[in-house]
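If you're wondering where the values come from, they're calculated on a predicted model, not measured in any experiment. In the text below, chain A, chain B and the rest are named by the order of the sequence lines, each starting its count at 1.
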Number of protein chains: 2
Amino acid sequence: MITKNVAALALDATLHARGLRLTRQRRIILEVVRATDAHPTAALVYRRVRRRLPRVSLATVYRNLRTLAAEGVLTERADPSGVRFDGNTASHDHFTCVACGRIYDVPARADRAVRARVASRTGFEVLNHRTEFYGRCGACRRPGGRSPVTGQRRK
Amino acid sequence: MITKNVAALALDATLHARGLRLTRQRRIILEVVRATDAHPTAALVYRRVRRRLPRVSLATVYRNLRTLAAEGVLTERADPSGVRFDGNTASHDHFTCVACGRIYDVPARADRAVRARVASRTGFEVLNHRTEFYGRCGACRRPGGRSPVTGQRRK
DNA sequence: CGATTGTTGATAATGATTACTAAAAATGTC
DNA sequence: GACATTTTTAGTAATCATTATCAACAATCG
């Protein structure tokens with residue numbers, strides 16, 4: 001490839017500093033994760049990567065999601081439905097709709113007071129924090145939305 | 001059984017209202033989860049229950065953890081290391097030590113303002129929220145604690 | 001008691017993730 | 001570019017956690 005965009009160059013440098021290479025597979029896997037805010041599972045990433053790299057192996061997808069998460073290039077999240085990945089590495093919170101299961105990003109408040117309070121109470125060193133909200137999203141609150149109990153559409 | 005304590009009676013009533021029975025297995029599984037604040041995995045619960053009921057089946061443990069969680073008698077939590085259970089159903093936050101992996105309970109602040117703010121910003125209905133803190137706990141900060149990077153003891 | 005319903009233990013089945021390995025690709029050196 | 005070295009890949013087997021199945025058992029109710 002003759003041209004590379006700036007982001008790819010920066011990423012390449014980041015990886016190289018750790019003895020890692022920016023392969024075609026790795027780049028596309030990252031692009032797929034970054035292209036959505038739907039917090040995809042490994043299986044979903046695999047399906048989408050395969051549209052662009054039909055011969056990619058599922059193991060390659062898993063391996064790279066893990067590697068990229070370890071490098072901090074993307075983040076890993078777990079909830080009872082399984083492990084999900086998030087290309088948005090900026091600090092942010094999440095809202096999980098108990099009716100439809102969708103996970104929405106919520107901008108984090110700039111709130112170092114919260115960390116400081118926990119640190120002073122526990123004596124622990126707080127490096128990071130994230131809040132998970134649970135409730136019903138706009139779509140599910142409206143008539144026709146899904147009930148959180150029955151999962152059926154409301155009228 | 002001739003005597004039952006009040007808690008067991010209340011639980012029995014709760015379950016009966018849903019057509020569920022308080023069996024020996026179910027009661028002991030719950031007791032085991034409640035007896036620790038270590039947020040045990042299903043495998044750990046199984047090992048401990050077996051000390052009191054040597055013939056219990058792993059499937060019974062899974063089945064009941066799921067059932068009890070569905071009844072709201074205990075809660076289910078997931079992180080990248082897997083699914084864990086929490087007998088403390090009071091609203092509280094968590095602190096995960098990135099060095100040793102231990103999960104500590106952190107008393108929740110009485111903070112409806114946080115929920116209200118998210119609700120007004122998103123238009124969603126917020127039913128619940130929980131904050132996850134990450135950092136190094138007291139033991140791991142001290143000399144001899146584990147480095148979050150290498151996992152080795154520090155000197 | 002007898003009928004009904006819920007539960008258990010044992011184990012098979014499933015699904016997600018990881019381990020393994022020979023071949024291929026990327027990188028560095030001349 | 002050719003070569004040696006290192007990393008990565010595809011394909012697949014292995015592992016691990018969880019769930020499904022089902023016949024036997026236990027609790028509950030009339």
Side-chain angles (χ1 to χ4, degrees), chain A residues 1-2 4 8-9 11-30 32-33 39-47 49-71 73 76-85, chain B residues 1-2 4 8-9 11-30 32-33 39-47 49-71 73 76-85:
Chain A
M1 189 174 297
I2 310 292
K4 282 186 180 178
L9 276 175
L11 176 62
D12 200 12
T14 302
L15 294 177
H16 266 255
R18 309 257 197 152
L20 299 173
R21 294 167 186 177
L22 182 58
T23 61
R24 200 169 156 64
Q25 291 85 338
R26 194 165 278 167
R27 181 173 48 77
I28 292 179
I29 288 165
L30 181 59
V32 163
V33 175
H39 309 87
T41 60
L44 181 61
V45 174
Y46 175 54
R47 270 182 264 130
V49 170
R50 224 173 8 172
R51 299 211 279 247
R52 295 173 60 185
L53 287 176
R55 300 189 49 89
V56 75
S57 157
L58 177 59
T60 297
V61 171
Y62 271 102
R63 196 186 323 112
N64 280 298
L65 288 171
R66 219 188 326 142
T67 302
L68 292 167
E71 294 303 317
V73 176
E76 207 169 341
R77 244 181 66 76
D79 65 31
S81 78
V83 176
R84 289 159 175 281
F85 296 89
Chain B
M1 187 176 299
I2 310 295
K4 282 187 181 179
L9 275 175
L11 176 62
D12 200 12
T14 302
L15 294 177
H16 266 257
R18 308 259 199 153
L20 299 173
R21 294 168 186 176
L22 182 58
T23 62
R24 201 167 154 65
Q25 289 88 337
R26 194 164 277 165
R27 180 172 49 76
I28 291 178
I29 288 165
L30 181 59
V32 164
V33 175
H39 307 86
T41 61
L44 182 61
V45 174
Y46 175 54
R47 271 182 265 130
V49 170
R50 228 177 1 176
R51 299 211 280 247
R52 295 173 59 186
L53 286 176
R55 300 189 48 90
V56 75
S57 158
L58 177 59
T60 297
V61 171
Y62 271 102
R63 199 185 318 116
N64 281 298
L65 288 172
R66 217 188 326 140
T67 302
L68 292 168
E71 294 303 316
V73 176
E76 208 170 339
R77 244 181 66 75
D79 65 32
S81 79
V83 176
R84 289 159 175 281
F85 295 88

Which residues share a salt bridge (charged side-chain N to carboxylate O under 4.0 Å, His left out) with A/Glu76, sequence neighbours left out: none
Have a look at B/Phe85 and tell me which of B/Leu65, B/Val32, B/Leu68 forms a side chain to side chain contact (heavy atoms under 4.5 Å, CB included) with it. B/Leu65
Specify the angle, to 10°, made by the local axes at the two ends of the helix from C/dC1-D/dG30 to C/dC30-D/dG1 when five pairs are taken at each end. 40°
Interatomic distance where CG belongs to A/Leu65 and P belongs to C/dA16 [whole Å]: 14 Å
Scan A/Gly19 against the nucleic acid and name what it touches under 4.0 Å (heavy atoms): base, sugar-phosphate only, or nothing. sugar-phosphate
Write down the distance between CZ (B/Arg27) and C1' (C/dT8), rounded to a whole number of angstrom. 15 Å
Does the protein touch nucleotides 18-30 of chain C at the base, only the backbone, or not at all? Give it as B, S and - per nucleotide, heavy atoms under 4.0 Å. BB-----BBS---
Would you please name every residue forming a salt bridge (charged side-chain N to carboxylate O under 4.0 Å, His left out) with B/Arg55, sequence neighbours left out? none
Is there a side-chain polar atom (N or O) of B/Arg55 under 4.0 Å from OP1 or OP2 of C/dT8? no
Check every nucleotide of DNA chain D for an atom under 4.0 Å from a heavy-atom of chain A, then give the first and the last such nucleotide from 5' to 3'. D/dT6 to D/dT12
Using the test salt bridge (charged side-chain N to carboxylate O under 4.0 Å, His left out), find all partners of A/Arg52 that sit at least two apart in sequence or belong to another chain. A/Glu31
Of A/Ala43 and B/Leu20, whose closest DNA chain C nucleotide lies nearer the 5' terminus? B/Leu20
Any side-chain heavy-atom pair of A/Leu30 and A/Arg26 under 4.5 Å: no
Atom CG of B/Leu58 and atom CZ of B/Arg50: how far apart are they, to the nearest 0.5 Å? 8.5 Å
